[in-house]
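Each residue takes its place number in the sequence, starting with 1. What you see below is based on every heavy atom in this structure, not just the backbone, and it leaves out hydrogens, waters and symmetry mates. Being a predicted model, the structure only gives us computed values, none of them experimental.
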Amino acid sequence: MFKNFTGFHLVEQMHNLRQSNRFNPALLKKKSLGFIFVAIIVAVLWFLPTESFGIDGLTAVQQRIIAIFVYATLMWVLEMVPAWATSVSIMVLLLLCTSDSGIKWICDPAAGQLLSYKQVMASFADPVVMLFIGGFVLAIATTKTGLDVHLARVLLTPFGKKSENILLGFMLVTALFSMFISNTATTAMMLTFLTPVFKQLPEAGKGRTALTLSIPIAANLGGMGTPIGTPPNTIALKYLNDPEGLAMGIGFGQWMIFMVPLVIVMIFIAWTLLKKIFPFSQKTIELKIEGEMKKGKETTLVIVTMIVTILLWMMDTVTGINTYTVALIPFAVFALAGIVTKYDLEEINWSVIWMVAGGFALGYAMNGSGLAALVVRAIPFGNFPPLLIVLLSGLLCYGLSNLISHSATAALLMPILVVVCMAMGDKLAAVGGTSTVLIGVAIASSSAMILPISTPPNALAYATNLIKQKDMVRMGIIIGLISVVLGYLVLFAAGSLNIV
């Protein structure tokens with residue numbers, strides 16, 4: 001989908017750089033050793049006697065799922081292959097070794113409760129995946145009609161010419177776009193809009209650093225605002241709303257009620273810090289954004305469809321149409337009108353969808369095999385202090401997300417935390433309920449922005465060579481920790497007031 005976006009060349013450069021690094025001899029050697037390490041660990045877990053795990057009633061199928069879960073963890077953390085490739089291999093391993101359509105001599109009913117192969121494959125068609133696709137299609141339609149550039153120009157105009165106000169404008173507009181469009185695409189587009197601004201600023205000043213850093217920070221924070229803003233949000237929503245699990249029924253509008261105010265507050269905090277730490281030496285800037293919106297019936301249809309879609313998302317409790325169904329409405333409209341073609345579908349970020357689907361398959365395996373229920377009985381989660389669970393899950397997610405894919409971190413932690421939350425029952429009410437734990441992981445993930453490798457928006461901003469890594473680390477730590485703490489306080493309040 002990025003080919004349609006202003007600033008695609010930045011995304012392309014980033015991917016080319018990563019691709020070239022894959023063939024570095026030192027890196028290849030490191031990966032080979034990593035594969036051997038993972039293979040040994042997984043093999044040991046796979047062939048150990050079931051009694052060695054200390055879990056009464058553990059079956060051979062459940063043992064294999066434990067081994068596959070560890071495989072997923074190591075592969076995602078070590079990042080020896082792309083995260084989506086690991087997810088595909090997870091689904092294949094589950095199908096071959098734990099399902100009712102697996103290898104005949106090991107997938108025997110005597111080995112334990114087998115997974116349904118249809119359910120494993122259905123992970124790719126989960127309603128949350130439909131939500132992703134709907135979001136991607138909306139983004140494609142807005143960029144093809146030039147609506148995104150027009151909106152950026154209109155939304156930035158009220159901020160005038162004062163440098164500090166333009167900084168705030170860029171942050172608010174970036175955050176708004178990131179709620180509905182890919183963070184990566186939004187960052188690429190907004191960084192491109194900064195090019196004419198930089199020509200007016202002195203090279204020795206700190207204003208360039210402030211503006212460049214503001215884009216990834218706002219993109220990361222803005223993604224928290226809606227369920228489609230970033231993959232960890234949709235993963236959290238999937239487990240919170242699962243009718244066979246927590247069945248909390250949290251809607252799109254319900255999510256926005258408490259998350260959008262958090263985003264706005266965090267944007268103003270980040271703006272205040274940026275203008276203090278990297279002050280502008282030039283007090284005014286003449287803002288020029290090039291590009292025009294196409295005029296015609298197609299653009300009108302896109303605008304109307306976007307407004308209707310957003311309203312339906314926010315009024316899901318009134319209309320009875322859930323978030324996932326609404327997401328497919330623009331897809332159908334744009335497909336019938338010819339605004340989105342088969343060639344545009346090739347630009348959908350399928351790697352993210354496969355990444356998420358693999359995590360869902362892993363979650364289904366834990367529940368469908370009975371492993372989750374067995375772990376709940378074996379480990380006294382109910383005796384754990386609720387605050388400890390919140391702190392550990394938040395810190396673990398924040399730490400991992402700074403080093404590996406945010407989506408992989410969420411896909412890894414969510415199934416485990418669902419088990420923990422269900423075992424703890426009403427005890428979590430003291431910290432705002434189950435939503436505090438699961439949505440807290442999504443917030444901690446989006447708040448992880450310390451390094452260039454932490455998020456694609458960070459990598460794009462760093463690739464401009466206008467900021468130093470130490471500046472990114474400095475701002476990432478300060479804003480990230482404030483975001484995590486404030487986010488958990490908001491979730492605690494929302495849970496206590498029964499908003500979620």
Side-chain angles (χ1 to χ4, degrees), residues 1-16 19 82 84 88 121 124-153 176-190 192-193 226-231 234 252 289-313 321 323-357 407 456 460:
M1 63 182 283
F2 297 121
K3 288 181 181 178
N4 292 310
F5 278 85
T6 302
F8 167 68
H9 61 285
L10 296 174
V11 182
E12 193 171 34
Q13 286 172 14
M14 181 184 72
H15 288 317
N16 289 340
Q19 187 73 13
W84 67 269
V88 174
M121 291 183 174
F124 189 77
D126 189 275
V128 169
V129 171
M130 299 300 110
L131 184 59
F132 268 118
I133 292 174
F136 288 146
V137 168
L138 269 177
I140 289 170
T142 56
T143 55
K144 285 188 72 175
T145 56
L147 182 59
D148 53 351
V149 176
H150 180 71
L151 280 173
R153 184 187 299 110
L176 177 63
F177 279 19
S178 292
M179 292 183 191
F180 300 98
I181 300 175
S182 154
N183 291 356
T184 308
T186 298
T187 301
M189 178 177 69
M190 297 305 287
T192 303
F193 293 159
T226 66
I228 63 169
T230 184
T234 49
F252 200 99
I289 294 179
E290 297 181 357
E292 293 296 329
M293 178 178 68
K294 295 179 182 177
K295 295 180 180 180
K297 294 180 181 179
E298 286 191 352
T299 301
T300 303
L301 183 60
V302 170
I303 293 171
V304 172
T305 304
M306 278 193 71
I307 293 171
V308 170
T309 301
I310 292 170
L311 287 174
L312 287 174
W313 267 332
I321 310 173
T323 302
Y324 315 111
T325 303
V326 172
L328 291 179
I329 293 175
F331 195 175
V333 172
F334 297 152
L336 289 172
I339 295 170
V340 172
T341 67
K342 64 179 182 180
Y343 302 107
D344 295 317
L345 295 184
E346 295 172 4
E347 301 303 323
I348 286 178
N349 197 344
W350 294 106
S351 62
V352 170
I353 292 175
W354 274 111
M355 162 71 242
V356 171
S407 304
L460 287 170

Inset, instruction - I would like to know whether Thr142 and Leu138 meet side-chain contact (heavy atoms from CB on, under 4.5 Å); could you show each step before the answer? - result: CA-CA 6 Å; Thr142 56; Leu138 269 177; 5.5 Å; no
Inset, instruction - May I have the step-by-step check of side-chain contact (heavy atoms from CB on, under 4.5 Å) for Phe193 and Arg153, ending in yes or no? - result: CA-CA 10 Å; Phe193 293 159; Arg153 184 187 299 110; over 6 Å; no
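Minimum interatomic distance between Pro330 and Val326 (heavy atoms only, all atoms of both residues): CD-O, 3.2 Å. Nearest heavy atoms, Ala337 versus Leu301: CB-CD2, 3.5 Å. Closest non-hydrogen pair, Ala141 versus Phe334, comes out as CB-CE1, 3.5 Å. Here the closest heavy-atom approach between residue Leu345 and residue Trp350 is recorded as O-NE1, 3.0 Å. Heavy atoms only, all atoms of each residue included: Ile339 and Glu298 are closest at CD1-O, 3.8 Å. The two residues Lys144 and Lys294 come nearest to each other via the heavy atoms O-NZ, 3.0 Å.
The backbone N or O of Ile321 lies less than 3.5 Å from no partner atom in the side chain of Thr325, so there is not a single donor-acceptor pair. Judged purely by atom type and a 3.5 angstrom limit, Thr305 has no side-chain atom pairing as donor or acceptor with the backbone of Val302. Put simply, the side chain of Trp354 never gets that close to the backbone of Val88: no donor and acceptor are under 3.5 Å apart.
Residue Leu131 is tested with Leu328, Asp126, Ile228 for a side chain to side chain contact (heavy atoms under 4.5 Å, CB included); the sole match is Ile228. The residue from Leu311, Ile310, Thr309 that alone fulfils the side chain to side chain contact (heavy atoms under 4.5 Å, CB included) condition with Ile307 is Leu311.
Taking CD1 of Ile140 as the start and CZ of Phe331 as the end, the distance is 8.5 Å to the nearest 0.5 Å. Rounded to the nearest 0.5 angstrom, Ile353 CD1 and Phe132 CZ are separated by 7.5 Å. Rounded to the nearest 0.5 angstrom, His150 NE2 and Thr299 OG1 are separated by 10.0 Å. Rounding to the nearest 0.5 Å places CD1 of Ile133 at 14.0 Å from OH of Tyr324. The CD1 atom of Ile181 sits 8.0 Å away from the CG atom of Leu151 when rounded to the nearest 0.5 Å. In this structure, CE in Met189 is found 4.5 Å from CZ in Phe177, a value given to the nearest 0.5 Å.
No hydrogens or angles considered: nothing links the side chains of Asn183 and Thr186 as a donor-acceptor pair under 3.5 Å.
Residues Val308 and Val304 are in side-chain contact: their nearest non-hydrogen atoms beyond the backbone lie under 4.5 Å apart.
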